[in-house]
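What follows is a short report on a single structure.
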Amino acid sequence: PVFIEISAKILHIASKRFEKVDTNILLPLADHIAFSLERMKQNLVISNPFANEINLLFHDEYEVALEGKKIIKEACGVEISEDEIGYITLHVHSALSSEKVSESMQAAIIIKESIEQVEKDFHINIDMNSMSYIRLMNHMKFLLWRLQTGEKLQVDVNEFISEKFPYAYDTAKQIGKDLSKALKKEVSDVEIGYLALHIERIRTSELEKQSKS
């Protein structure tokens with residue numbers, strides 16, 4: 001019962017912040033928190049290497065999960081980690097969208113792996129706190145939202161971007177292919193073009209930093 005009460009409080013906070021919250025996640029969230037604390041007691045903490053991407057992709061939901069951290073501390077006397085906050089964030093996000101927790105996690109994994117590929121391809125180290133990176137994450141957030149709602153971008157810059165920035169475009173195309181496979185939704189060429197533009201901004205920004213250092 002204590003974990004159901006914790007989950008109910010987290011959902012209450014979410015309902016005050018967002019227009020519509022699916023309360024069907026109450027039991028899955030309670031189960032998750034219960035198992036998480038049990039693992040912590042046994043020193044079997046599961047890390048979350050995608051916590052940073054989850055924070056940037058679903059920042060509003062992350063803020064709710066931070067409140068959940070306080071609730072868990074008050075109720076159980078246990079301080080959950082940043083990794084665990086990321087997992088709770090995914091549960092909160094699933095209450096706001098048609099995405100399952102596993103799908104949101106898969107999206108974060110694809111984005112992280114794609115960024116690592118960009119670093120490898122262009123021989124750069126991307127600053128995760130840079131404005132270019134945050135803009136990319138915001139773009140990805142709304143890209144995922146458009147995939148859910150079916151909303152389309154109105155201006156097509158695909159042909160220009162593919163010719164002007166072919167390397168960034170190839171990376172964006174691969175990200176789109178991976179997202180389509182994971183979420184079973186087609187990522188349009190228009191989306192690929194805008195995604196490539198953000199990747200090019202990151203590439204240019206980091207190369208400029210390297211040249212100055």
Side-chain angles (χ1 to χ4, degrees), residues 11 14 17-25 28-29 32 48-65 86-119 121 126 128 132-163 165-203:
L11 286 179
R17 184 155 189 157
F18 305 106
E19 290 182 9
K20 187 177 179 182
V21 176
D22 183 0
T23 56
N24 286 326
I25 75 150
L29 179 57
H32 174 81
N48 182 356
F50 313 102
N52 185 62
E53 283 72 25
I54 291 170
N55 180 4
L56 291 173
L57 278 174
F58 313 117
H59 186 68
D60 291 337
E61 295 92 324
Y62 188 87
E63 293 290 329
V64 172
Y87 288 122
I88 293 176
T89 298
L90 295 180
H91 280 275
V92 174
H93 178 67
S94 74
L96 308 177
S97 68
S98 60
E99 277 184 36
K100 298 177 183 177
V101 171
S102 59
E103 291 176 336
S104 299
M105 188 64 179
Q106 187 65 32
I109 291 171
I110 289 168
I111 292 166
K112 182 176 179 62
E113 289 178 347
S114 299
I115 292 300
E116 289 173 350
Q117 190 62 46
V118 170
E119 291 180 313
D121 289 347
I126 295 173
M128 302 302 178
S132 295
Y133 187 78
I134 292 170
R135 282 174 178 163
L136 172 65
M137 288 295 111
N138 281 331
H139 178 77
M140 292 302 305
K141 175 181 178 178
F142 288 108
L143 187 158
L144 294 173
W145 178 80
R146 287 190 292 272
L147 289 180
Q148 289 175 25
T149 62
E151 185 165 322
K152 307 292 184 184
L153 287 170
Q154 299 302 314
V155 181
D156 188 348
V157 297
N158 191 63
E159 185 175 348
F160 171 78
I161 297 297
S162 63
E163 293 178 0
F165 312 118
Y167 297 115
Y169 185 82
D170 286 345
T171 300
K173 198 169 182 180
Q174 186 58 52
I175 293 174
K177 188 182 297 183
D178 292 340
L179 283 174
S180 292
K181 185 177 179 180
L183 304 180
K184 297 178 176 59
K185 293 179 181 178
E186 189 65 30
V187 178
S188 70
D189 287 343
V190 179
E191 290 283 5
I192 298 298
Y194 279 99
L195 180 55
L197 182 59
H198 282 281
I199 292 171
E200 179 61 25
R201 280 176 176 168
I202 287 180
R203 187 186 77 86

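At a threshold of 4.5 Å between non-hydrogen side-chain atoms, the residues Ile199 and Ile175 count as touching. You'll find the side chain of Tyr169 stays beyond 4.5 Å of the side chain of Glu163, heavy atoms only. When side chains are defined from C-beta on, Leu56 does not count as touching Tyr62, because their heavy atoms never get closer than 4.5 Å. Looking at Ile115 and Tyr133, their side chains come closer than 4.5 Å, going by heavy atoms from C-beta outward. Between Asp60 and Leu96 the shortest side-chain heavy-atom distance does not fall below 4.5 Å. Here the side chains of Val190 and Lys152 are not in contact, with every heavy-atom distance at 4.5 Å or above. Inter-residue side-chain proximity for Ile192 and Ile161 is flagged as unmet; no heavy-atom pair is nearer than 4.5 Å. Within the 4.5 Å cutoff, the side chain of Met137 has heavy atoms near those of the Ile111 side chain.
Other residues, nucleotides and ligands contribute only 12 or fewer heavy atoms inside 6.0 Å of the NZ atom of Lys173. Crowding of Phe18 atom CZ: a count of heavy atoms from other residues, nucleotides or ligands under 6.0 Å exceeding 12.
Here the closest heavy-atom approach between residue Ala196 and residue Ala168 is recorded as O-CB, 3.6 Å. Among all heavy-atom pairs drawn from Ala14 and Val92, the shortest one is CB-CG1, 4.4 Å. Pairing each heavy atom of Gly193 with each of Asn158, the nearest pair is N-OD1, 3.5 Å.
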*Any chance you could lay out the side-chain contact (heavy atoms from CB on, under 4.5 Å) test for Asp189 and Glu159, step after step, and finish with the verdict?*
CA-CA 9 Å; Asp189 287 343; Glu159 185 175 348; over 6 Å; no
_Derivation of the side-chain contact (heavy atoms from CB on, under 4.5 Å) call for Val64 and Thr89_ = CA-CA 7 Å; Val64 172; Thr89 298; over 6 Å; no
*For Leu147 and Leu183, what are the C-alpha separation, side-chain angles and deciding distance, and is it a side-chain contact (heavy atoms from CB on, under 4.5 Å)?*
CA-CA 9 Å; Leu147 289 180; Leu183 304 180; 4.0 Å; yes
*Check the pair Glu63, Arg17 against side-chain contact (heavy atoms from CB on, under 4.5 Å), reporting the backbone distance first and the verdict last.*
CA-CA 10 Å; Glu63 293 290 329; Arg17 184 155 189 157; 3.3 Å; yes
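Note that CG of Leu144 is 9.5 Å distant from NZ of Lys185, once rounded to the nearest 0.5 Å. Rounding to the nearest 0.5 Å places CD1 of Ile54 at 11.0 Å from CD of Glu61. Here the CG-CD distance, from Leu179 to Glu103, works out to 11.5 Å after rounding to the nearest 0.5 Å. In this structure, His91 NE2 and Ser104 OG are separated by 10.0 Å, a value rounded to the nearest 0.5 Å. Remark: Leu143 CG to Ser188 OG distance equals 8.0 Å, nearest 0.5 Å. Interatomic distance, CZ of Arg135 versus CD1 of Ile202, reported as 10.5 Å (0.5 Å rounding).
Scanning for ring-ring contact (aromatic ring centres under 6.0 Å, His included) contacts around His59 gives an empty result, with sequence neighbours left out. Phe50 pairs by the ring-ring contact (aromatic ring centres under 6.0 Å, His included) definition with nothing, not counting sequence neighbours.
A donor-acceptor pair shorter than 3.5 Å can be found between the side chains of Asp178 and Gln174. In the model, Asp22 has a side-chain atom that pairs as donor or acceptor with a side-chain atom of Asn24 under 3.5 Å.
Ring geometry for Phe160 versus Phe165: interplanar angle over 60°, hence perpendicular rather than tilted (30 to 60°).
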